[in-house]
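Heads up: the structure comes next, in structure tokens.
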Amino acid sequence: METLVRDDLSVRPATDQQFPPGFNVAAWFIDRHLAEGRGGKVAVRTVRGDTTYAELAAGVNRCANLLAGENLARGDRLLMVVKDSVEFFYLFWGAIKAGVVPVPVNTLLRAKDYAFMIENAECAALVYSPEFAGEVEPALAQSPHRPRIVMRTEGDDASFSARLAGCPDDFVAVPADAEADCFWLYSSGSTGSPKGAIHRHRDMVITSETYGVRTLGIREDDVFFSAAKLFFAYGLGNGMTFPLWVGGTAVLLDGRPTPDSTFGIIEKFRPTLFFGVPTLYAAQLQALETATPNLSSIRLCVSAGEALPADIFRRWKERTGLLILDGIGSTEALHIFISNRAGEHRPGSSGRLVEGYEAEILDETDTPLKPGEPGRLIIKGASTARAYWRNPEKTAATMLGDWLATGDTYYRDEDGYFFYCGRSDDMLKVSGIWCSPFEIEATLIEHPSVLEAAVVGREDGAGLIKPEAWIVLAEGVRATQDFEAELMAHCKARMAPYKYPRKFHVVDELPKTATGKIQRFRLRIEEE
Ligand code: 3UK
């Protein structure tokens, strides 16, 4: 990686060697802004009010004092089931400053999931927004491990917010190290138990600099709005670390990101950068048929979490004049490592490597493949998680020395653009040829009657795998008798002949994870 990164704002070391001894990353994301004269600038905006950088730093220190006063030891875990709010910032950074490891988790989970995480992380503390009490409290009751400290974020005298007010607003950061454990994020693969990915102090610096500054071109005058929540690595970067890195402003939405709610936030707070996922862009496009929100503050849109179909890219551009830059990231990599850039973007591609990351595409024998040949994508970069917590098997399968197995199948073209083919375990072998479910889905949604599509392999009568499609119809469209034939003809005209779906299932919605990824494995086992 490069040496020093200088710009108008500050001097930010970007290599390991330049992280000073005792380095605690909170110094750079929080305290630096006071030294740089940004204390009066608004750091965080929500419908409940604005928070300046000075207030943010004070809240972080109060939280660090609160945690230190509870005798949390260095490395103790703080489980956070917290909605997008300024309290999320206080808790996350206050913990890091006090040497405690914050573990923000998905707020849409169920009691049994939280019970697993409480037990697995052996957390010393648990803080949750009152909205999630209905799942978190039963989880606490059923978990054999009891966190010593349990608080709601607000609502009673024993809550985090109430106690925060009584804590001093200065705190000297506990010395750490660029390589020391800093925070965890649970990665929930398509199946199996979630795995706690352990991230180090340097990791957020790397993602902010490599993807944020050098790929997206984030700046101090940017206002960031991430529809993806902060508990998701994608949202954590977009909605918290990137704005804090450049001294920008984060806009938060604490409820569900729908076309209405996201357009409302955009009109009210006028963000310059918008971060969404493909499902949301598809829903927003549908809403734009009738709604006319003012999106003029936005200079760039970003998509990740799933591949962005070229058709959505084109329609969004047509409708709003804005580019959506697709990029692939993961919880383990912390943020985006392959991305499109403005002016060099290719619809339907994930883009090219983000500076600072390397990639290889391998066959079954670990031999690197040539351009155009799809294989397993592995990547290398300074932000990747060092291990999964207490999971040596999954760690060994995923963290390959300095390399990280993504679990995705990709090919790279001659120009270095990467094309997503599917999760390695979702790839189909049809008529003996590897076939990408994503390619078929992207082709299906080019048909005006199709809003969303998911394709999986199913055995036909002869025991051979054939693609089948589950589709959500566009608003106002009915499945007519010759509908299947029409979609099959549409596919055959656009793809290699063996790739067309042999069967269609019309559904109201597709099974998805909380972060909007289609759960194809659930369709494979679904009963007729
Ligand atoms: C898939 C994509 C194609 C891919 C994430 C940006 O999604 C994020 O993290 P997760 O751990 O999932 C990782 C997996 O999701 N994926 C993500 N983005 C794309 N597939 N095109 C894309 N643009 O299977 C990957 O392995 O939930 C995204 C930043 C941080 C993230 N954690």
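Start at 1 and go down the list; that is how both ligands and their atoms are numbered. Every heavy atom of this structure was used, including side-chain atoms; hydrogens, water molecules and symmetry mates were not.
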Within reach of ligand 1, part of L334 (heavy-atom separation under 4.0 Å):
backbone
the protein heavy atom lying closest to atom 16 (N) of ligand 1 turns out to be G305 O, 3.3 Å
Heavy-atom nearest neighbour in the protein, as seen from atom 8 (C) of ligand 1, with distance rounded to 0.1 Å:
G329 O, 3.4 Å
Which label fits W245 and W28: parallel for a plane angle under 30°, tilted from 30 to 60°, or perpendicular past 60°?
tilted
Distance filter under 4.0 Å to T406 heavy atoms, resulting ligand 1 atoms
26 (O)
Which option out of S303, G422, A307 puts a heavy atom nearest to atom 3 (C) of ligand 1?
A307
For atom 26 (O) of ligand 1, the closest protein heavy atom turns out to be D408 OD2, 2.5 Å
For ligand 1, is any non-hydrogen atom under 4.0 Å from R423's backbone (N, CA, C, O), its side chain (CB onward), both, or neither?
side chain
Do any N/O atoms on D326 end up under 3.5 angstrom from N/O atoms on ligand 1?
yes
Test: side chain to side chain donor-acceptor pair (under 3.5 Å). Region: residues 274-287. Which pairs qualify, not counting sequence neighbours?
T262-Q284, Q286-E475
heavy-atom search around atom 12 (O) of ligand 1 in the protein gives K517 NZ, 3.1 Å
Non-hydrogen atom of G327 closer than 4.0 Å to ligand 1
yes
Could you point out which residue of S436, S424, S350, C421 forms a side chain to side chain contact (heavy atoms under 4.5 Å, CB included) with Y410?
S350
In terms of residue, atom name and distance, what is the protein heavy atom nearest to atom 31 (C) of ligand 1?
S330 N, 3.5 Å
Mode of T331 contact toward ligand 1 - side chain, backbone, both, neither (heavy atoms, under 4.0 Å)
both
Could you tell me how the ring of F242 sits relative to the ring of Y211: parallel (under 30°), tilted (30 to 60°) or perpendicular (over 60°)?
tilted
Taking C-beta and beyond as the side chain, do M427 and P437 meet within less than 4.5 Å on heavy atoms?
yes
Is there a side-chain contact between L377 and Y420 (heavy atoms, below 4.5 Å)?
no
Please state which option from Y186, Y234, F232 has its nearest heavy atom closest to atom 29 (C) of ligand 1.
Y234
Determine whether the side chain, the backbone, both or neither of F419 has a heavy atom under 4.0 Å from any heavy atom of ligand 1.
neither
Determine the minimum heavy-atom distance between N340 and T215, stating which atoms define it.
O-CG2, 4.2 Å
What atoms of ligand 1 come within less than 4.0 Å of a heavy atom belonging to I336?
6 (C), 29 (C)
Which atoms of ligand 1 are found less than 4.0 Å from any heavy atom of Y420?
3 (C), 20 (N)
Is the terminal nitrogen or CZ of K394 (NZ for Lys, CZ for Arg) located under 6.0 angstrom from the six-membered ring centre of Y388 and within 45° of that ring's axis?
no
Think R346 forms a cation-pi with Y417, using NZ or CZ under 6.0 Å from the six-ring centre and within 45 degrees of its axis?
yes
Got a sec, which residues hit ring pair (Phe, Tyr, Trp, His ring centres under 6.0 Å) with W389, two or more places apart in sequence or on another chain?
W184
Please determine if E306 and K517 form a salt bridge, counting it only when a charged side-chain N lies under 4.0 Å from a carboxylate O.
no
Under 4.0 Å from one or more heavy atoms of Y410, ligand 1 contributes atoms 3 (C), 21 (N)
